[in-house]
Structure formats: structure tokens, C-alpha cells
Amino acid sequence: MAQKQEDWAAIARNPKFIEIHKRKTAFLFGWWIFSTVYYFLLPIGAGAAPGFFSIKVFGSINIGYLFALSQFFVSWAIAIYYASWANRVSDRLTNELIDELKLR
Amino acid sequence: MRLHSWDHLLIVAVTALCLMFPGSVLADASILETQTITLASLAGTSSPPSAIPSPSKGSLPILTIVRPITIAMFLIFIGVTLMVVYWAARRTKTSADFYVAGASITGAQNGWALAGDYMSAASFLGIAGLISLYGYDGFLYSVGWLVAYVTLLLIVAEPCRNSGRYTIGDILSFRSFPIPVRAMAAVSTVTVSTFYLIAQMVGAGKLMELLLGVPFRISIILVGSIMIIYVVFGGMIATTWVQIIKAFLIMTGGLALSILVAAHAGFSPLQFFADISNNSGIKDWVQFTLLNHPVAQQGIDYGQRFLEPGLFLKNPLDQVSLGMALVFGTAGMPHILMRFFTVPTAKEARKSVIVAMFVIGSFYLLTTLLGFGAAIHVGPQTIFATDPGGNLATLLLAQALGNQIAPIVGDTLLAFLCSVAFATILAVVSGLVLAASAAIAHDVYVSLIKKGHASQKQQIIAARVTSFAVGAAAIVVGMAAENQNVAQLVALAFAVAASGNLPVVILSLFWRKFNTAGIVAGLVIGTAVCLVLVLVSPNMHYPKQDADEAFKVIKGLELKESDGTTLTPKEQAILSKARTDYEKHKDGLSLIGLDKPLFPLKNPGIVSIPLGFLAAIMVAFAFPSGGEEQRYDQLHVQQLTGVRVRSVWD
């Protein structure tokens, strides 16, 4: 167990902590919902609109193939965007809070 | 550690196996007729449509595996990994070393290890096989396996790193009452891990039997013994490096073969897709076999049809349900979550998911090339005739393209890919054994029985004993399950992880009012609903449906007979077989006594995941706990910021 008990309730009321909590929750759950909805459009679309998926775009390559392929790039893009956002915003705020409260 | 003697024993065992099964050509008709492995179906998809005839005898294509090269590669892999185990065993001094490699793995290393932990033989062989037989639907199926990682990245990885030590039980009992919570978490972890483990072991046994002709039981003992050596002696350090090596091998193999495939299309995507839609073998396959159109219908381009949805995945609702189990279940898998405890900080945990996403995503994109490449260069008919599950598509492709360069290239490539499949299985099962043993030794023995007062020596002995026991049990159950359909076990493992584990993990981390009652209710109800729905789902065997099929055949032939037509000997044989089948099955009931499925979907996720969340939330509201709400402050601060993670535990 911890050698020194922190006053966790006080930290949880710290304005900086509340800011970290709000910004992280909005970012993470927002992008998670986006990614999930975007993914489920694929099986739902394949079942509901096979004709649309079959429209050819380049040669034999059709919309369905490009849509499935885009899932990979969308997932990767979210990952890279989150990494850069976390470095710029949440990690910076967290370090500021830790320094302010001398928690290290 | 007496690893040297183990090393010798193993080499003797493998050499003995080589001597017992001489000859270099494996695949004769009799083996292929009886051995139908469906690794992709292990991942929860359905079996091939009934329109497809069973493989015809006689003209079977032969997968020529040169056993000496393959065994040599197996031995190199085993030798290298045993050296890793020896090195790891000397570094494993505390229980933290054993379970989480002392939290000293870097983000990049852990990313590769996660990929190695996650990509099973079903991914490596099964998905390429699905694409080679059913085209677009196989590709669509692979997408969910990557998208699942977005949930891990955004919701689960960092908070888990910040609030747990070795197991899911650590996270869940952070602020709740440890006795019921750890006990339930351990039951759930062991359930999920063993379901998945048994499916992997049976798949491994069938694969080794098919590739090398090693009998099923000996294959399982061999794979199981090596797995036990890795985990018992090397713990998480050895498991991590086996997974990293495996991920590197699987990417190398996939990339090499993909380059050969792409070269045939002049590295042009347009040419590649034109090759698919203009291929006469694929056209015939789609028209006659998949769609069963004896006469070509106006307006259908059967080659292009291979690139469109609906050839394999017939029920969109089942697909959505499977997608939910993947997207929520991956983030509730104990062996995946455990990997986040091996890195020192949340930032490294984040980095590891991102690295894993690039490795896994690239691999599935290469798989597309391999699957369609196999359809072009080998042909779906040949792939299906060799194995109706399509699992040998990648290997047949390697042989076909390698032999075009030189026979030795084909043989070597094939041998390399076989050993990759072997490495793949070992890396996955080792991670599963470690997760199950951590739940028993850490949650039940150290935390509940010893109340946390166990010495380092006792802890590490407990960890090794439980790892051995879990591994040995997996060997015994795997051997017993030889003739069982293990496909529903994987679907079930993901569904239980998604409906039982994930809701309570998320609610514990993010909801102040969540409490012990909610955790227990969520785990029990989420798991129970999955089990019940799978038991009444189409995954089970319903004899009366077989009887109905047989009845139709009997009626049809009797009608023909009553018209005065004399039945051919073949038809008479069919009639008498149908009569026996009908008699055998007409009063039969499924395992739990049903005529027909009560629940229409193979994947319970769409019902069980919302119910898991609902049960956890309602029961938490019904039994509020002020103390647990107060203790949420500490969990909340720690999971978000990572402060004092070490001091809390040490």
C-alpha cells in the first residue's frame, strides 16, 4: 500500500483534473463512436445495399471493395491522430497537474 | 532450470516423429476425405453452403510438403525459442517478472507481441482461404479484426495499464469487495481463455496432422509440451519474445508471397482485379458452384460477382452480431488485456496498440492479396477439393508460385510457411495459458487464499504450478475434443469476453456509482446469456433437421419409383442411406433436447452485449455502495493520470 495517503478527493476536484477528464472523455468516446458507426456501416451496407456496393469505380474495383479498404485507413488515421492529440493535449495537461501537486 | 535436458528430450521426440512418419508426400485422398479442418470457421463463421458438393475422389491436387526441410525449420524455430526461454528463465526472479516481464517491455516490442498474441492460424490460413473461395465476403470478414483495436486504443489500454497489475481481477477489485469480485473475475478469465485455448489446440492438432501426417494426439501433446516449457520456465518474458518472433515470421512470409502475387499482375491493382474478374475458373466456380445456375443468367458477370458481397455471408444480422462480438470482445480478452501490464507507462501502452494496429492491418491487407491470388493462380475448385474450409489456399499458392521459379524455391517457401503456422499456434496458446494461470494463481491463490501475504518464492511457485496444470488440462481436453466441432467455442469466447468482461471493466473504470453487486451481476448474467443463447443457436446439432432432409430425399425418390421409373443402383443406395438416416435422427434431439434452434443467430453478441451492460447497470443502481463511490476518486485519478501506480502496489 501507499506509504503516504494522498487526498484523492481533493485531486479529483482540482480544476485541472476536471479539464483533463472532460477533454479526454469527449475526445475518446467521440472518436470511438465515430469509428464504431463507420465500421457497422460495412456489414449493414453489404446486406442492405449490395447493388450500391457493386458499382464499379476503377476497372473491376467497386465501391464495396474501396469501402472495406477505407476501414483500414480510417482506423490507422484515428490511431495517429489520437497519438498526436495525446502528446499535445492530454499528456501535457497531465504532466502540468502532476508537477503542480508534486505527485511524482 | 534444467533446460538442457529438456532441450535434448525435445529433439529426440521430434526426431523420433520424423522417423515414424517417413516419406515426403502427405496429401493422399484418404486423409483429405476425412480431415476437414475449418480454421476460419473456428473464428465463428458458418460452414460452406450446402450447394457445394463434397470433393470428388480421384483427381485430387497434391500439396507436396518436403518433410526434411519442414522439420529442419521447425527444429530451428524450437531451438531458437528454447534459447530465448533459457535466457528468460534466468531473468524471471519475481512474480512481476513471471506475469508481466517486470513491466519492462517497450511500446514497440509490446506492439509486435500483441500482434503475435492476436493473429491465430485462423487469421493466417483461414481468412485467405475464405477470400479464395468466396471473394469479397472473406475480405469484409477480416475488417472487424482490425477495427476491434480502435476500442482497445481509445477506451481500454491506458486506463487498464494505470489501474491493474497482472489481471482483470486487479482492475475490477480496485475499489470493490475483493472476495466476490476476484473470484468471479477468475472464473470468467479461465472460462474465456480455456474455450479459446481448446479451440486453438484442436485446430493445431488437425493442422499438424494435415501438413505433416503427425497423428492428432501426438500433435497436441507436442504443441502442448512446448507451450508448457515456454510458459512454466520463461513466463511472460519468453512468451513475449516468442510472440514477437512469430509476428515477424508471419509478416515476412505474408510479404514474400504477396510480392510474388503482385509481380504476376505487374504490380498494378487494376490489372490484379481484372485478372480476378476475367478468370474463367473463378467464373465457373461462382456460376455453377456458389450460385448454382446451370444456365448463365442474363446480366450477371460471374467473374465480377466474386468481388461483390453475398456469396458467403447470407444473414446481415448475424454479421452485425459477429462484428459486435469482435469489437467489444477483443478488448475483453484476458490474454490481450494482460499485455498492457507488461509496459511501464500508459504512453507505452498507447504506442503498443498503435504499432499492433499497423502490423495487424498490414497483415490483413496482404491476406487479401494472398486470398485473391490463390483464387487466380490455384483456383477455387482446387482449393476446395484439397480442403473444403479453404485453409490450405495460402500453402497451395506458395507451392504454385514458388515452383514457377524453381522447385527448390517452392519447397522452401512451403516449408517456411508451415513452420510459420506452427509458430503462430505456439505464440497464441502460450499467451492464453499465461492469462488463465495468472487468474488462478494471482487472483485466487495469492489474493484470496493467502490474503496477499505470500512470499515472492511462494508466488512464483504457484504461478509455475498453475501454468503447468492449465497446460496439461488443455492437452487432455484437446485430445478428448478431437471429433467435436470446436467452432462455437471461439464464437463463445469472444461473446463471453464482450458481454461479461468488457461491460464491467468499462463501468468500473468510468462510472462512479458502479460497485461490487454490479460487477458480479454483469459477469454472471453476461456469461450466462451467451452460454444459453449458444446452446439454443444453430451452432448446435439438431438431428430432426437431418431427418427432415432425409425425408425429402425419400419422398422424392419414392415419387419417382411410383411413376414406374426404375431407380439406378446409385439412387437406390441414396434411398437406403436416407431411410437409415431418417430412422436414426427422427426422434433425436439436440444436446439440450430441442427440435430446432430457438435463437436464429450463430453469434449471440447483439443480444448478450446489451444485456450484459444492462444487468451490470441495473444491479449497481439496486444495491448502491457509498464507500465504493468514495474510493472511485482514487481510481479515477490514477486511471487518467497514472500517478502513484507503483506505490499502490509495492
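Every chain is numbered from 1, with letters handed out A, B, ... down the list of sequences.
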Under a 4.5 Å heavy-atom cut-off, does chain B meet the side chain of [X], its backbone, both or neither?
| X | value |
| --- | --- |
| A:T94 | side chain |
| A:I80 | side chain |
| A:L93 | neither |

Sidechain-backbone polar pair: [X] side chain, [Y] backbone, donor-acceptor under 3.5 Å:
| X | Y | value |
| --- | --- | --- |
| B:Q304 | A:S60 | yes |
| A:W76 | B:M357 | yes |
| A:N62 | B:L307 | yes |

Below 4.5 Å, heavy-atom pairs only: which of [options] has the largest tally toward chain B?
| options | result |
| --- | --- |
| A:G59, A:P50, A:G47, A:G64 | A:G64 |
| A:A10, A:G45, A:A48, A:A9 | A:A9 |
| A:R13, A:Q71, A:K56 | A:K56 |

At what distance, to the nearest 0.5 angstrom, does [atom1] of [X] lie from [atom2] of [Y]?
| X | Y | atom1 | atom2 | answer |
| --- | --- | --- | --- | --- |
| B:E158 | A:K24 | CD | NZ | 5.0 Å |
| B:Y136 | A:S54 | OH | OG | 9.0 Å |
| B:T151 | A:W32 | OG1 | CH2 | 5.5 Å |
| A:H21 | B:L640 | NE2 | CG | 7.0 Å |
| B:L153 | A:L28 | CG | CG | 8.5 Å |
| A:F40 | B:Q319 | CZ | CD | 10.5 Å |

Go through the atoms of [X] and report whether side chain, backbone, both or neither lie under 4.5 Å from a heavy atom of chain A.
| X | result |
| --- | --- |
| B:S362 | both |
| B:Q630 | neither |
| B:V327 | side chain |
| B:F328 | side chain |

I need the minimum non-hydrogen distance between A:S75 and B:L146, along with the two atoms involved. CB-CD2, 4.2 Å
For chain A, which candidate among [options] shows the most heavy-atom pairs at distances under 4.5 Å?
| options | result |
| --- | --- |
| B:G323, B:A274, B:G303, B:S277 | B:G323 |
| B:V143, B:V147, B:V637 | B:V637 |
| B:D137, B:I155, B:L270 | B:I155 |

Is there a side-chain contact between B:F510 and A:T25 (heavy atoms, below 4.5 Å)? no
Using side-chain heavy atoms (C-beta onward) and a distance below 4.5 Å, is B:V643 in contact with A:L101? no
Using the ring-ring contact (aromatic ring centres under 6.0 Å, His included) rule, take A:F58 and B:F273 through it: C-alpha gap first, then chi angles, then the decisive distance, then the call. CA-CA 10 Å; A:F58 309 108; B:F273 280 89; over 10 Å; no
In sequence, state the C-alpha distance, the side-chain angles, and the governing distance for B:Q638 and A:W8, and then conclude on side-chain contact (heavy atoms from CB on, under 4.5 Å). CA-CA 9 Å; B:Q638 288 194 3; A:W8 299 104; 3.5 Å; yes
How far apart are the C-alpha atoms of A:Y65 and B:F139, what are their side-chain angles, what is the distance that settles it, and do they pass the ring-ring contact (aromatic ring centres under 6.0 Å, His included) test? CA-CA 8 Å; A:Y65 181 81; B:F139 181 41; 5.1 Å; yes
Evaluate side-chain contact (heavy atoms from CB on, under 4.5 Å) for B:Y149 paired with A:S35, printing each intermediate quantity in order. CA-CA 10 Å; B:Y149 269 69; A:S35 134; over 6 Å; no
Checking B:R350 against A:N87 for the side-chain contact (heavy atoms from CB on, under 4.5 Å) test, could you report, in this order, the C-alpha distance in whole Å, the side-chain angles of both residues, the deciding distance, and whether it holds? CA-CA 11 Å; B:R350 182 194 311 150; A:N87 281 333; 4.0 Å; yes
Under 6.0 Å from the [atom1] atom of [X], do we count more than 12 heavy atoms belonging to anything else shown?
| X | atom1 | result |
| --- | --- | --- |
| A:F34 | CZ | yes |
| B:K351 | NZ | no |
| B:K513 | NZ | no |

Between B:D633 and A:I11, is the side-chain contact (heavy atoms from CB on, under 4.5 Å) condition met? List the steps. CA-CA 8 Å; B:D633 282 332; A:I11 304 175; over 6 Å; no
